[in-house]
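To keep things clear, I will list the structure first and then write my remarks on it.
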Amino acid sequence: MTRFICVWPAEICKGLRLLASHCCPYTLLLTSNTCYRYRQVDFLYLNAGIMPNPCINLKVFLSGLFSRKVIHMFTTGEGLLTQKDQITDDGLQEVFETNVFGHFVLIRAIEPLLCHVDSPSQLIWTSSSNARKSAFSLLDYQHIQGQESYSSSKYATDLLSVALNRHFNQQGLYSSVVCPGLVMTNLTYGIMPSLLWMFIMPIMWLIRIFTNSFTITPYNGAEALLWLFRQKPELLDPLLKYHSCTSGLGNNYVESRKMNLEEESSELFYQKLLELEKQTLKKLSESEEEYK
Ligand SMILES: NC(=O)C1=CN([C@@H]2O[C@H](COP(=O)(O)OP(=O)(O)OC[C@H]3O[C@@H](n4cnc5c(N)ncnc54)[C@H](OP(=O)(O)O)[C@@H]3O)[C@@H](O)[C@H]2O)C=CC1
Ligand SMILES: CC(C)CCC[C@@H](C)[C@H]1CC[C@H]2C3=CC[C@H]4[C@H](C)C(=O)CC[C@]4(C)[C@H]3CC[C@]12C
């Protein structure tokens with residue numbers, strides 16, 4: 001059976017030029033005009049994400065290397081990276097808009113295609129083990145003030161997924177979050193040049209013996225995404241994150257880990273997103289009026 005995924009028009013906001021990459025082979029990409037010809041979107045992989053201008057904190061890296069938290073450091077990259085964010089034409093923080101808000105507006109826009117009580121649909125978010133509660137604040141959910149916008153946006157993703165489950169499960173829509181592990185992609189080549197990654201690759205194979213999160217290839221990283229495709233969404237725990245793992249011998253498997261979040265915070269964040277969506281759409285229609 002063909003599965004449908006939508007690409008929403010870029011004009012709504014920059015973060016909505018979604019999903020064109022890394023889709024499973026049976027994905028059909030649709031434009032907004034053709035979207036409503038179809039009755040249902042079965043799976044929506046919310047994968048687009050950025051980490052602009054990453055900078056490694058060498059001091060944290062070196063002290064982490066000789067501490068008991070070294071495995072945790074390699075698994076999550078906690079505190080190792082800072083980013084420089086910027087404001088988009090929509091007046092929002094770029095990382096928040098791309099990694100979280102753009103996806104949210106898309107889901108809201110195609111809600112009727114996602115909500116079918118008789119046959120459930122699945123939202124599958126590419127989150128990260130880099131998501132960190134202390135990097136996120138409900139008072140600064142766009143992360144205007146800090147320098148860890150990526151960690152913050154991934155924590156926001158986790159909160160949003162939990163809230164979506166609470167609001168939409170009864171209407172046949174289920175949401176899950178995944179961490180693909182450390183994968184060599186344009187995102188990681190932005191952290192260090194590809195030549196340097198190539199140079200340290202033997203060390204990474206070695207580290208893989210101690211941590212299962214160095215999946216390294218997109219094929220390995222997609223394990224949890226594929227695993228979720230085969231699950232009955234009604235049976236999944238909304239508070240779990242599904243991690244793609246690769247063993248020292250190169251075998252792939254999926255591990256689920258409980259997320260460090262409270263349901264009340266997820267609800268408060270959801271309400272804030274609804275408010276922001278209202279404001280953004282109002283602004284857009286006002287500027288459209290001005291053009292006419
Ligand atoms: N690589 C890793 O180690 C990890 C990655 N992740 C997550 O995996 C996801 C995929 O990242 P990855 O493949 O590694 O990185 P890439 O940079 O290779 O891919 C990012 C993708 O997001 C798309 N994208 C970026 N900005 C926008 C935008 N404004 N609108 C629409 N699409 C956009 C890009 O499209 P285009 O090419 O057209 O610009 C690209 O296809 C991200 O959410 C990332 O946070 C999570 C954990 C680890
Ligand atoms: C000897 C080497 C392996 C030294 C590399 C040091 C750092 C550059 C990297 C160590 C751990 C890496 C990361 C871990 C988690 C990733 C996370 C899941 C994600 O979503 C984005 C990328 C990571 C933060 C990644 C980034 C590079 C490291 C910090």
Side-chain angles (χ1 to χ4, degrees), residues 7-10 12-23 29 45-52 54-58 60-62 64-65 69-83 86 88-90 92-103 105-106 124-132 135 148-158 177-194 196-208 210-222 224-225 241-245:
V7 179
W8 207 246
I12 291 183
C13 67
K14 201 179 159 219
L16 292 182
R17 191 177 51 83
L18 299 175
L19 294 168
S21 59
H22 312 286
C23 292
L29 295 173
Y45 279 84
L46 300 149
N47 175 69
I50 53 166
M51 183 197 273
C55 189
I56 305 175
N57 187 333
L58 271 179
V60 175
F61 177 65
L62 290 174
L65 211 50
K69 280 189 142 187
V70 60
I71 300 296
H72 179 76
M73 178 183 86
F74 281 129
T75 308
T76 62
E78 187 175 312
L80 277 186
L81 298 172
T82 54
Q83 300 88 38
Q86 59 177 23
T88 66
D89 297 342
D90 306 308
L92 303 172
Q93 293 298 119
E94 191 184 19
V95 174
F96 165 78
E97 183 171 4
T98 310
N99 297 7
V100 189
F101 189 61
H103 298 281
V105 182
L106 172 67
I124 300 173
W125 299 80
T126 314
S127 178
S128 167
S129 57
N130 192 248
R132 207 170 85 245
E148 291 182 271
S149 48
Y150 184 79
S151 281
S152 168
S153 73
K154 293 300 177 183
Y155 188 77
T157 301
D158 298 348
V177 285
V178 157
C179 174
L182 174 60
V183 183
M184 291 303 118
T185 64
N186 286 339
L187 186 142
T188 36
Y189 294 141
I191 299 170
M192 291 193 299
S194 45
L196 190 53
W197 279 114
M198 242 168 71
F199 189 66
I200 60 168
M201 200 45 86
I203 306 174
M204 291 177 62
W205 298 120
L206 217 92
I207 296 173
R208 198 192 248 181
F210 305 101
T211 168
N212 51 17
S213 65
F214 275 36
T215 46
I216 300 175
T217 66
Y219 179 89
N220 295 343
L225 296 165
K241 186 179 287 179
Y242 299 92
H243 297 252
S244 297
C245 299

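Both ligands and their constituent atoms are indexed starting at 1 by order of listing. In this chain, numbering begins with 1 at the start of the sequence shown.
Summarising the geometry of V183 relative to T217, their closest heavy-atom pair is CG1-C, 3.6 Å, with the distance given to 0.1 Å. Of all heavy-atom pairs between R132 and G79, the closest is NH1-N, 3.8 Å. The two residues M73 and V60 have their closest heavy-atom pair at SD-O, 4.2 Å. The two atoms that bring G49 and N99 nearest to each other are CA-OD1, 3.2 Å, heavy atoms only.
Residue S128 approaches ligand 2 through these ligand atoms, each under 4.0 Å from one of its heavy atoms: 17 (C), 18 (C), 19 (C), 20 (O). Near G77, the atoms of ligand 2 lying under 4.0 angstrom from a non-hydrogen atom of the residue are 14 (C), 15 (C). Close approach to I200 involves these atoms of ligand 2, each under 4.0 Å from a residue heavy atom: 2 (C). With ligand atoms numbered from 1 in the order given, ligand 2 contributes 15 (C) to contacts under 4.0 Å with heavy atoms of T75. If you number the atoms of ligand 2 from 1 as listed, the ones under 4.0 Å from a heavy atom of I191 come out as 26 (C), 27 (C). Near L81, meaning under 4.0 Å from one of its heavy atoms, ligand 2 places the atoms 24 (C), 26 (C). Listed by number with element, the atoms of ligand 2 under 4.0 Å from a non-hydrogen atom of S129 are 18 (C).
Geometrically, ligand 1 and S128 share no nitrogen or oxygen pair separated by less than 3.5 Å. In terms of N/O distances under 3.5 Å, ligand 1 is approached by V183. Considering backbone and side-chain atoms together, T188 places no N or O closer than 3.5 Å to any N or O of ligand 1. Below 3.5 Å of separation, one finds an N or O of Y150 facing an N or O of ligand 2.
Counting protein heavy atoms under 4.0 angstrom from atom 29 (C) of ligand 2 gives one or more.
The closest approach between T188 and ligand 2 stays at or above 4.0 Å for every heavy atom of the residue. Between S127 and ligand 1 there is a heavy-atom distance shorter than 4.0 Å. At least one heavy atom of G181 sits closer than 4.0 Å to an atom of ligand 1. Contact between K154 and ligand 1 is present, with at least one heavy atom of the residue lying under 4.0 Å from the ligand.
With a 4.0 Å heavy-atom cut-off, ligand 1 is reached by the backbone of N186 and by its side chain too. Looking at T98 against ligand 1, only its side chain comes within 4.0 Å, counting heavy atoms. At a 4.0 Å heavy-atom cut-off, ligand 1 touches N47 through backbone and side chain alike.
For atom 6 (C) of ligand 2, the closest non-hydrogen atom of the protein is F61 CE1, 3.7 Å. The closest protein non-hydrogen atom to atom 8 (C) of ligand 2 is I56 CD1, 3.7 Å.
Residue R208 holds its CZ atom at 4.5 Å from CD1 of I216, rounded to the nearest 0.5 Å.
Counting heavy atoms from C-beta on, the side chains of I191 and M51 come closer than 4.5 Å.
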